[in-house]
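Comments concern the structure below.
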Amino acid sequence: MTMQLTTDQLLTTTRSVRKRLDLTKPVEREVIEECLAIAQQAPAQSNAQNWHFIVVTDAEKRAAIAELYRKAWDIYVTLPLAAPNLTFDNPAHNAAQIRVTESGQYLADHLHEVPVLVIPCIAGRTNDEPTVIQSAQWGTIAPATWSFMLAARARGLGTCYTSLHLFFEEDAAKILGIPYDEIMQASLIPVAYTIGSDFKTAQREPLANIIHWDTW
Ligand SMILES: Cc1cc2nc3c(=O)[nH]c(=O)nc-3n(C[C@H](O)[C@H](O)[C@H](O)COP(=O)(O)O)c2cc1C
């Protein structure tokens, strides 16, 4: 069952959902499959379509992955690039950083309770590859992942793009039987029905700060 959202509403209100994930409601396998079939319509470099999606529903495996994520979160919050340690000229942006950190902590504390964890993967590691090769790999898996997240939102599901478990990618590969040398995990997407469906457009920097017509 899809929600009645315009294309622009879908694109501007697909938020990083953490605190409003319904941890009590199961997610049907068919809905995940529908969303992944939509994700497969994304572009892929050389049309290789070398993406894979590990859908983790087993409670013990979710707990094991969540444990890695929690360890990673504890490392992340100490880093200069972490949301709580970044400051901006715009006070609204600084306020948003505090909310993101609280919300991120909530996700770290509850990840094992999220009914489905989707791990998008790409065949071929980018270790030490030039930018052009990295771009091809990440540029193939990221649009498909975002399509999955949009399709999920259209079906009343909430998601959040996360990457922190990759601090321990090899451990996650062992838990899930992923052949680490050939397959690179790209992210981890918690998926659950949302508590309410009214999500708003987020605060962003003025467009003029980031748009560059014809020259930098
Ligand atoms: C590449 C990338 C990695 C991210 N990694 C994480 C993560 O590991 N954990 C997390 O809670 N959020 C993560 N996020 C989500 C951002 O923190 C999020 O986009 C930010 O909170 C803004 O929220 P919004 O997307 O609802 O506007 C990531 C987003 C991107 C694009």
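Numbering of ligands and ligand atoms starts at 1, following listing order.
Near T162, the atoms of ligand 1 lying under 4.0 angstrom from a non-hydrogen atom of the residue are 5 (N), 6 (C), 7 (C), 8 (O), 9 (N), 10 (C). Distances below 4.0 Å separate heavy atoms of R15 from the following atoms of ligand 1: 24 (P), 26 (O), 27 (O).
For E102 and R99, the salt-bridge test fails: no basic side-chain N is under 4.0 Å from an acidic carboxylate O. Residues R125 and E169 are paired through a salt bridge, judged by an N-O separation under 4.0 Å between the basic side chain and the carboxylate.
Close N/O approach between L164 and ligand 1 is found [any backbone or side-chain N/O within under 3.5 Å].
The nearest non-hydrogen atom to atom 13 (C) of ligand 1, considering only Y69, Y76, W146, Y161, comes from Y161. Considering each of Q203, M149, R18, the one bringing a non-hydrogen atom nearest atom 10 (C) of ligand 1 is R18.
Nearest non-hydrogen protein atom to atom 27 (O) of ligand 1 is R204 NH2, 2.9 Å. For atom 23 (O) of ligand 1, the closest heavy atom belonging to the protein is S16 OG, 3.4 Å. Here the protein heavy atom with the shortest distance to atom 3 (C) of ligand 1 is S163 OG, 3.3 Å.
More than 12 non-hydrogen atoms from other residues, nucleotides or ligands lie less than 6.0 angstrom from CG of N127. The environment of D128 atom CG is sparse: at most 12 non-hydrogen atoms of other residues, nucleotides or ligands sit within 6.0 angstrom.
Remark: of the listed residues L166, L164, L188, I175, I175 is the sole one forming a side-chain contact (heavy atoms from CB on, under 4.5 Å) with L68.
Contacts between C160 and ligand 1 below 4.0 angstrom, taking non-hydrogen atoms only, involve the side chain exclusively.
Classification of the H112-H110 ring pair by plane angle, with boundaries at 30° and 60°, yields parallel.
By the 6.0 Å and 45° rule, R20 does not stack over the aromatic ring of Y106.
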